Amino acid sequence: MKKLLTYTIAIAALISCRTAIDIELPQTDSKLVLNSYQSTDSVWVFYLSASLMANSQDSLEFVKNGTITIKGDDGSSDEINGSQSTVKYQIGTYWDEFSQQLVTDTFGRRIYEQYIGTTTPKSGVTYSIEAKAPGYVTVSTEVTFPTPVPVNGVDTGTTLSEGWKAAKVDVRFTDPAGDSNYYDMKFHYVTYTPVYDSINQTFDLAENRARAYYYPIETSFFDFSAFQGFDDGTFDGQTIEKSYAGELYYLQNPYDSLIPAYFITELRTTTVDYYLYKRSVALFDQSKGSPFAQPVQIYTNIKNGYGVVAPYTAYLDTLDL
Amino acid sequence: MVNQLTHWVLLVACLCTTTVSAQKFTISGFVDDNANGEKLIGTNIYDEASFKGTSTNVYGFYSLTLPKGDYTIVYSFVGYEDKKVPVSLTSDTSINIEMGMGMSLDEFEVTASAGERVEERTQMSTISVPIKQIEKLPALLGETDVLKALQLLPGIQSGNEGSSGIYVRGGGPDQNLILLDGVPVYNASHLFGFFSVFNADALNSVELIKGGFPAHYGGRLSSVIDIRMKEGNMKEFHGKGAVGLISSKLTLEGPIVKNKASFIVSARRTYIDILARPAIKYGFKREGVDGVAGYYFTDLNGKVNWKISDKDRIFLSSYWGDDNFYLRTEDSYDVTSTQTITDKQDAGLRWGNITTALRYNRVISKKLFANLTATYSRYNFTIGSGFETISDPKDDDLDELFRFDYKSGIYDWTGRVDFDFIPTPNHYIKFGMGDIYHTFTPGVTVFEAGSKDDNGIDTTYGSNSIFAHEYFAYVEDDFKIGTRLKMNLGIHYSGFLKGKTHYYSFQPRAAVRFMVTENMSVKASYAEMQQYIHLLTNAGIGLPTDLWVPSTENVLPEESQQIAGGLAQTFRDQFEISVEGYYKWMQNLLEYKEGSSFFSTNADWEDQLEFGKGWSYGGEVFLQKKTGKTTGWIGYTLSWTMREFENLNFGKPYPYRYDRRHDFSIVVAHEFSEKFDIAATWVYGTGNAVSLPTERYMRAGTSPYPQELEHFQERNGYRMRAYHRLDFGVNFHKQKKYWKRTWSFGTYNMYNRANPFFLQYETEYVYNAETQQYVEQRQLTQYSLFPIIPYVSYRFEF
């Protein structure tokens, strides 16, 4: 399919005339972009950057000298002046076909520019958040953290998914009746690698945490999207079981039971802002670069700016492997 | 609903009342071309003294009822010599007329009706285009194209550069009922929309209606394009053909039984794939593989016409068309000294139409004409690719197979009966009914993977076939009140039945014309339309991958209401001018959801839809010169077209992609002599509305590297550059001993205007001499399709 598409576009490109043109786009001032996927399990963490014109040659940059204030309707408050540079190394876990096992590797040096608060948000509280920086219009938003919905149970097994033998995970939970509720489902695979400490002459266990990309079993494999969000429109107030399928090895302990391994189901109770933003970003990723797809307008809940403050609460179900 | 129907039927019935105060008799019959026996549709027939008259219908039949007495009946058809027949009317009389060519048909002409002046017709927003005039227009690559000619008329817009898509008064491409001999054609495009499927050599007439729809049409919101095939020369065997840059065609016609039965068959095929094959194979060979790629289209029209008696006729017509884009490669190599692997790849995109119509005409009485029609129409397309690895000697671990095919289509079986009832010269009544049995296959994916001989994956998913009935009935009367006022009132009833889902509607239609002076009239019309089948089309490049889908429990029928008003005038007997304004409301329109395209292989197409409304309004001016050595027209449209969908553009109204504020066209033809004539067209249009990102920013997430998102301020909020181009052509005719030949030379886009095809942002790496580094440079790039393109073609007739 891609090859056919490539040839089609190549032929069109060959017979077409390509011209770089100067376009007078409507001039707009650079706006603040405030981003945060925030749970009640950690202190406030934000990313602040600035937008650019689409035809600008500059690179996107973080805004490091801003101020972010948070005020809760429970009287709590927090203020963050300036970002902190945190150095981290990327840890990647991948399946090695040759050795038939998961391999963890450390690479890359990353500098995260984060606005890190000192307080932790709470469920049920509404927070007013404002970000300002010299030379930019102040942006703001208001979010409420939902009450986490617990997982009633998780069953695992195998299934035949479009001809492939795949792992199957059934997740049960009960949706609170009444208001519209939004959810996101994530799966994690935690294993440990024995590491020898030659100084102390001891063995330690290094944790490897990987995302297990499972997809809803009723969708096609070819429509797999990283966003597993959904709302309760079809099951409001009911107990529901959602089934997912994915790679088998995420349900297997590579060291049998000698060293612990876990399969973690994370049910996120989110908000409409989280849902709409992530859905629009997923659609954007799927369609980017395709001349056949409809344009996607990214959702934002930031007044006078862009980005999203997307609150959620998480319930974790841990399965020993 | 029943009361509404009752009121309309009673109104029509009252207006049909005739009081017989004198004995009346009817003259009826058929009007043919004396050279070939073709029906002359729209011939004006009238009493020379009183001007009471009628016109022939699409089968060349007429009926004129007058009081007993002596008359001179005039038969008049543009381009033919008027015939005057003295009639002593003492009983019902059959008079069949054969008319001969009078004025040269090389005179360029677009008329509101072949026999009536524009101000005389009740119907507004209707234009007939003679095929002979279309053949004179300069054309892309020399290919005469009926739909491209229609795009030169006011109120009609083309889509993208080179596209045969028709957008009428703000409507979408699926809102046009395109009929070939009464059979709907679902995809009227070859070569991704650059040419239409209609071979002009096989056609007799083209009529376009863009508003004030008469009640006998229904099922689409925005236009009716009624294309009639020739019937074949009843008297002599003839042929014509053409050899062009990319295709050739041949048409043969003649009598099967002289003056009783005739046939016409017309075929066309491109051959650019054959000509380019050696070069393409050489290109693949240089890459080390055996391969071939190409594209062709072909179409075949055929018709048989049998005049059983003066009262009975049978027609059988058929069209078959096929587009095929293919790619095949094969690569063999040795993996060891004893084992060879062969990799085979193929990819293809194929689509096509088949239409067939069987028609029976019966003159039931002098005043009543019936037409029974059974038709079949099929459109489908397939896109697929495959990859296969074959080992020799066979090794199951090395053999692989992967195949992906996506198919979609629509199939119709139709039966209908139509009556023309002409009780008096003041009334022309039409009524009829019919049913269409639809079969939809909106999108089925077949996926196969693994080794050929073992149990790999072999699965089919997507929408199952959907079956539905679309039925209709109508009645209308075109009648005169006094000498100045003429009206056409009618009602079209239609319904759609799919499983337990049933939709139906009564659609009133009204048109009125008032003669202000002898040469000027004012007109107004109102029409409600309903559409039960829909086309899901991609926002970007037009491809035949658009899906035809039905109304369902979740997908309501589209509806429209349109009012129009205007005036029409003929002056100096050469110029016709019409000025019209319109307003159209549309509901239950469909669009793909954000990010969706037909490539989204979700389980169900219904999940990919958004529903909304639209409105369009504007004015059109049309000035044409009909006679003389120099003929042509000027058309101008000023219009606005908007859409509003709750989940698109954040619920705010936005311009339709083909919202074109100004649309202007000039068409001129001049005949220097019988041997030499020229024609030129110049078109201008405001650029299409597109969605362009205006800003970019970082996305949320924990990655430290800025991953970008693009911000679209407004859907379709930006205008591409204006579109304009000049085409020019010359024709040299020569009568040889046994045939007539024409050399045509011309140029498409004479001043090489780079008209936009699509826009996108691209990143290039540009060397910076100061920093001596390659830096990323982001720029908006416009792709244009057709530069200046000369053409030459050779046509012959015998």
Side-chain angles (χ1 to χ4, degrees), chain A residues 1 3-4 7-8 12-13 15-21 23 25-26 28 31 33 35-37 47 49-57 59-62 110-113 162-164 218-220 222-223 277 280-284 286-287 290-298 306-308 310, chain B residues 293 327 345 347-349 383 385 404 449 456-459 461 538-541 543 591-603 649-650 691-701 704 706 708-713 715 754 757-758 760-761 777-785 787:
Chain A
M1 177 75 79
K3 182 161 279 190
L4 172 64
Y7 273 105
T8 306
I15 65 173
S16 67
C17 177
R18 186 173 160 272
T19 315
I21 54 174
I23 293 283
L25 291 174
T28 55
K31 296 184 183 64
V33 181
N35 286 319
S36 173
Y37 285 125
Y47 298 85
S49 57
S51 68
L52 293 172
M53 293 292 293
N55 56 354
S56 165
Q57 305 303 332
S59 301
L60 293 173
E61 300 286 349
F62 287 101
R110 307 284 193 265
I111 301 176
Y112 292 78
E113 291 294 339
E162 295 176 349
W164 297 102
E218 65 271 13
T219 65
S220 160
F222 295 101
D223 266 340
Y277 178 82
S280 62
V281 170
L283 290 172
F284 175 84
Q286 285 174 15
S287 62
S290 167
F292 311 110
Q294 304 293 312
V296 178
Q297 287 170 292
I298 304 295
Y306 301 124
V308 72
Chain B
L327 165 73
Q345 291 190 56
L349 174 60
I383 184 169
S385 68
F404 178 98
I457 302 171
D458 187 351
T459 185
Y461 54 91
N538 292 282
I541 301 171
L543 274 186
E591 280 276 10
Y592 272 117
K593 282 183 172 169
E594 288 186 333
S596 293
S597 74
F598 94 99
F599 280 125
S600 304
T601 50
N602 276 350
N649 203 42
F650 306 116
S691 300
L692 266 189
T694 53
E695 294 174 86
R696 54 195 176 92
Y697 55 88
M698 283 191 207
R699 68 171 65 192
E708 289 186 8
L709 292 173
E710 292 176 335
H711 175 73
F712 294 86
Q713 201 161 42
R715 193 177 176 98
F757 186 44
F758 70 92
Q760 68 176 21
Y761 280 105
Q777 193 166 59
R778 186 182 167 88
Q779 58 188 189
L780 186 63
T781 305
Q782 171 185 287
Y783 282 86
S784 306
L785 204 55

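In this text the structure is predicted, and so the values were computed from the model without any measurement. All values below come from the heavy atoms of this structure, side chains included, with hydrogens, waters and symmetry mates left out. Letters A, B, ... mirror the listed sequences (proteins, then strands); counts begin at 1.
Minimum interatomic distance between B/Leu709 and A/Tyr277 (heavy atoms only, all atoms of both residues): CD1-OH, 3.3 Å. Summarising the geometry of B/Arg696 relative to A/Met53, their closest heavy-atom pair is NE-O, 3.5 Å, with the distance given to 0.1 Å. Across all non-hydrogen atoms, the minimal contact from B/Glu708 to A/Phe284 is O-CE2, 3.9 Å. For the pair B/Ala700 and A/Val308, the tightest heavy-atom approach, listed with the atom from each and the gap, is CB-CG1, 4.0 Å. Taking every heavy atom of both residues into account, B/Met698 and A/Glu61 meet most closely at CE-C, 3.5 Å. The two atoms that bring B/Pro693 and A/Ala54 nearest to each other are O-CB, 3.2 Å, heavy atoms only.
Interatomic distance, B/His711 NE2 to A/Gln297 CD, rounded to the nearest 0.5 Å: 7.5 Å.
Within the 4.5 angstrom heavy-atom criterion, atoms from both the backbone and the side chain of A/Ser56 approach chain B. Within the 4.5 angstrom heavy-atom criterion, only side-chain atoms of B/Glu591, from C-beta onward, approach chain A.
Taking the six-membered ring for Trp and thresholds of 30 and 60 degrees, A/Tyr306 and B/Tyr697 have nearly parallel ring planes, at less than 30 degrees apart.
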Point to revise | Check against side chain to side chain contact (heavy atoms under 4.5 Å, CB included), B/Arg699 and A/Ile298 | key: CA-CA 10 Å; B/Arg699 68 171 65 192; A/Ile298 304 295; over 6 Å; no

